[in-house]
Protein chains: 2
Amino acid sequence: MTHCGREKLRLAGLRASRQRIALADILFAEGDRHVSAESLHAEALEADVSVSVATIYNTLNKFVEAGLLREIAIDSSKRFFDTKMSNHYHIYFEDEERLVDIAPGVLEIRNMPDAPEGTEVIGADILIRVRTSSS
Amino acid sequence: MTHCGREKLRLAGLRASRQRIALADILFAEGDRHVSAESLHAEALEADVSVSVATIYNTLNKFVEAGLLREIAIDSSKRFFDTKMSNHYHIYFEDEERLVDIAPGVLEIRNMPDAPEGTEVIGADILIRVRTSSS
DNA sequence: ATTTGTGCAAATCGTTTGCATCTGA
DNA sequence: TCAGATGCAAACGATTTGCACAAAT
């Protein structure tokens with residue numbers, strides 16, 4: 001694992017605590033990732049980094065706020081955090097509860113309506129849901 | 001208010017209880033609607049239909065299952081149920097927590113990738129998030 | 001008569017918060 | 001030094017569930 005965590009935090013202007021460095025290392029070492037709070041917590045424990053669930057949530061929220069992560073809502077009881085910040089869309093495998101990037105540039109939105117008067121677009125989410133075909 | 005509830009239920013093969021009829025009447029009387037469990041409960045009480053929250057949820061879930069409603073996840077603590085079942089997309093006003101349909105046929109997805117081998121697409125959600133522009 | 005829905009309250013799940021204690025700058 | 005991060009457990013809000021009762025077929 002590379003150790004880019006400290007650097008990431010510095011650039012984002014976040015204080016570099018032991019836990020944050022460890023979590024950032026896990027998140028940003030291996031390219032684009034989709035984690036849930038739960039899976040990140042499990043990974044941290046596995047890597048012998050002792051972190052509480054509260055800190056996982058606080059950290060993920062801070063990272064989103066700081067522009068290091070984006071949040072992706074699947075449904076009311078499932079969400080992911082995505083380390084890829086550039087514009088892209090997702091495909092979700094219902095059976096496996098797995099989220100995958102769609103290659104950037106493939107899927108494309110046409111005729112995006114203008115943001116209504118006095119508003120600005122802060123995000124355009126596309127989620128293609130698939131499941132194992134029954135046929 | 002028209003009273004199409006009973007008919008809707010019959011078509012969907014759901015038993016027509018008093019509460020379900022009332023909720024279906026509320027939901028399907030006035031064209032396309034976006035409700036939350038909470039707002040629907042409030043509306044029901046206002047219309048002097050006594051329903052428990054549990055029944056609201058049970059009913060909404062049954063309706064989704066039966067193809068009368070679709071669920072739209074905004075984030076981990078906000079979701080709506082949409083009475084419009086035909087293919088269409090949404091714009092979400094963060095400030096007001098309000099969801100609005102995008103006129104069908106306007107926004108269009110290009111180059112939708114094929115569903116991966118052995119899977120079928122069960123939904124394609126597009127959500128444009130806007131907020132009051134700060135400038 | 002039998003199956004299915006309902007209400008209530010308690011349980012559950014994911015997430016957030018208060019507070020005392022640590023720790024990085 | 002001291003603002004800010006952590007851990008813990010308790011609080012929280014949204015949703016689900018168990019069970020006794022009521023209503024629909």
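All chains are named by letter (A, B, ...) in the order of the sequence lines, taking the proteins before the strands, and each is independently numbered beginning at 1.
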Q.
Check whether A:His34 reaches the backbone of A:Phe80 with its side chain - one donor and one acceptor, N or O, closer than 3.5 Å.
A.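 No, A:His34 side chain to A:Phe80 backbone: no donor-acceptor pair under 3.5 Å.
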Q.
Quick check on B:Asn111: does its CG atom have over 12 non-hydrogen neighbours (other residues, nucleotides or ligands) under 6.0 Å away?
A.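 Check passes, neighbour count above 12.
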Rounded interatomic separation in angstrom, taking [atom1] from [X] and [atom2] from [N]:
X       : N      : atom1 : atom2 : answer
A:Arg10 : C:dA25 : CZ    : P     : 11 Å
A:Tyr57 : D:dT6  : OH    : C1'   : 17 Å
B:Leu40 : D:dA14 : CG    : P     : 15 Å
B:Leu9  : D:dA23 : CG    : P     : 18 Å
A:Asn58 : D:dC8  : CG    : C1'   : 12 Å
A:Leu14 : D:dA5  : CG    : P     : 8 Å
A:Phe63 : D:dA5  : CZ    : P     : 11 Å
A:Glu97 : C:dC13 : CD    : C1'   : 13 Å

(Q) Testing the basics here: between A:Thr83 and A:Leu27, what is the closest heavy-atom pair and its distance to 0.1 Å? (A)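 Scanning both residues completely, I find the closest heavy atoms to be CG2-O, 3.5 Å.
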Can a side chain N or O of [X] be found less than 4.0 Å away from OP1 or OP2 on [N]?
X       : N      : result
B:Gln19 : C:dG7  : yes
A:Asn61 : C:dT15 : no
B:Ser17 : D:dA24 : no
B:Thr55 : C:dG7  : yes
A:Arg18 : D:dT6  : no
A:Arg20 : C:dG24 : no

(Q) Counting only side-chain heavy atoms from C-beta out, which of D:dG7, D:dT15, C:dG5 sits nearest to A:Val51? (A)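 Between D:dG7, D:dT15, C:dG5, the one nearest the side chain of A:Val51 would be D:dG7.
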Q | B:Arg33, B:Arg70, B:His90 screened by side chain to side chain donor-acceptor pair (under 3.5 Å) with B:Asp82, the one that passes | A |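 Exactly one candidate clears the test, B:His90.
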Q) If you pin B:Ala16 and A:Thr59 to their nearest nucleotides in DNA chain D, which one's is more 5'? A)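 Per heavy-atom nearest nucleotide, the more 5' residue is A:Thr59.
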Q) If you pin A:Glu38 and A:Ala54 to their nearest nucleotides in DNA chain C, which one's is more 5'? A)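 With A:Glu38 and A:Ala54 compared, the 5'-side residue is A:Glu38.
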Q.
Counting distance alone, no hydrogens or angles: does the base of D:dT25 have a donor or acceptor under 3.5 Å from a partner atom on the side chain of B:Arg15?
A.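 Check fails, no donor-acceptor contact within cut-off.
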Q. How long is the span from the CD1 atom in A:Ile56 to the CD atom in A:Gln19, to the nearest 0.5 Å?
A.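 Spacing of CD1 (A:Ile56) from CD (A:Gln19) equals 9.5 Å.
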